[in-house]
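Only this structure's heavy atoms are used, side chains among them; waters, hydrogens and symmetry mates stay out.
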Amino acid sequence: MQKDDNDKKLIQAAELLRKASGVFEYIAEKVCSNWQDPPSTRPPDVLSELCMSISKISIADASSIAIRKALMQQTSSSLLAKLAIGAAEYYEMASGLIKSLKDPQKVCYDFRKYVSDGALFHQSLGKKFLAKDAYEHQQTGNAVGFIKEAKDMLHNLSKSKSPIVAKHAVQEYAEVNELCNMYVGINDTVAFDVVPSKADLQALTPGGRTVHHLIKYTPPSPAFGPENDTK
């Protein structure tokens, strides 16, 4: 029963994030674009780029929930890797939109850090799952390469000034460090596979996959006003 309750909460949370993504996309495309004041005089909250960035973050967070749900269902390591990479790609799009602003420093540092570290965190998750998938397919050298990259990234993220990211990084690091010791030990004593370079590992990295997309927002018809007048 507890599992069913958790499953329902995850589904509800993901749906709310998808709706939020649609709302922020609508604001970016329909409201901010029609704002009379020039962008240089507006606070960042009402800039199209920032609203669209928040729309992307909402989908990234929904994708992160999809990973949690998939873990509960014993999903394959290959699919988990693609889901994590997909979430990272949305965080990267959000970060790029913020950087495209004329003055990105106007956006709260904590917010910018959450977005950039969110991308790195999900990249590290992707590498962890790719390492697991490689090991499951007797590709021990690839497993060592991916898990070492994940370990290094999580070590750096554990010192992040974003407390949420740092907390999750510390939790993930414990598992990744254990896997790293196991994969390296097996490769050094049994498999003797060549560990690929970072460039080769990048070439082996698949594209991301997204299971959640935004829910388009349609504003309700006004209860009164010119559009509601009858002739």
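- Here the closest heavy-atom approach between residue Leu97 and residue Ser100 is recorded as O-OG, 2.6 Å.
- A donor and an acceptor atom, one from each side chain of Ser63 and Thr210, are nowhere located under 3.5 Å apart.
- The two residues Gly126 and Ala84 have their closest heavy-atom pair at N-CB, 3.5 Å.
- Between Tyr91 and Tyr114, the ring planes lie perpendicular to each other; the angle is over 60°, past the 30° to 60° tilted range.
- The shortest heavy-atom contact between Ala150 and Lys127 is CB-CB, 4.0 Å.
- The two residues Ala169 and Ser158 come nearest to each other via the heavy atoms CB-N, 3.7 Å.
- Open room surrounds NE2 on His137; 12 or fewer heavy atoms of other groups in view lie less than 6.0 Å from it.
- Asp200 and Ser197 share a side-chain donor-acceptor pair at under 3.5 Å.
- Side chains of Asp117 and Ser160: a donor on one and an acceptor on the other come within 3.5 Å.
- With respect to Glu25 and Lys216, a salt bridge is recorded, a charged nitrogen being found less than 4.0 Å from a carboxylate O.
- Of all non-hydrogen atoms in His213 and Arg18, the two that sit nearest each other are O-NE, 2.6 Å.
- Put simply, the residue from Glu136, Lys128, Lys132 that forms a side-chain hydrogen bond (donor to acceptor under 3.5 Å, both in side chains) with Ser77 is Glu136.
- Using a 4.5 Å heavy-atom cutoff, the side chains of Phe146 and Val195 are not in contact.
- The cluster map of Ile, Leu, Val, Met, Phe, Trp and Tyr, joined by side-chain heavy atoms under 4.5 Å apart, puts Tyr90 and Leu10 in different clusters.
- Contact record, Ile59 with His212: CG2-O, 3.6 Å, taken as the closest heavy-atom pair.
- Annotation: Glu178, atom CD; neighbour count of heavy atoms from other residues, nucleotides and ligands within 6.0 Å does not exceed 12.
- Classified by interplanar angle (parallel below 30°, tilted 30° to 60°, perpendicular above 60°), the ring pair Tyr173/His155 is tilted.
- For Arg112, the CZ atom is densely surrounded, since the number of other residues' heavy atoms within 6.0 Å is greater than 12.
- A salt bridge does not link Glu149 to Lys198: none of the charged side-chain nitrogens sits closer than 4.0 Å to a carboxylate oxygen.
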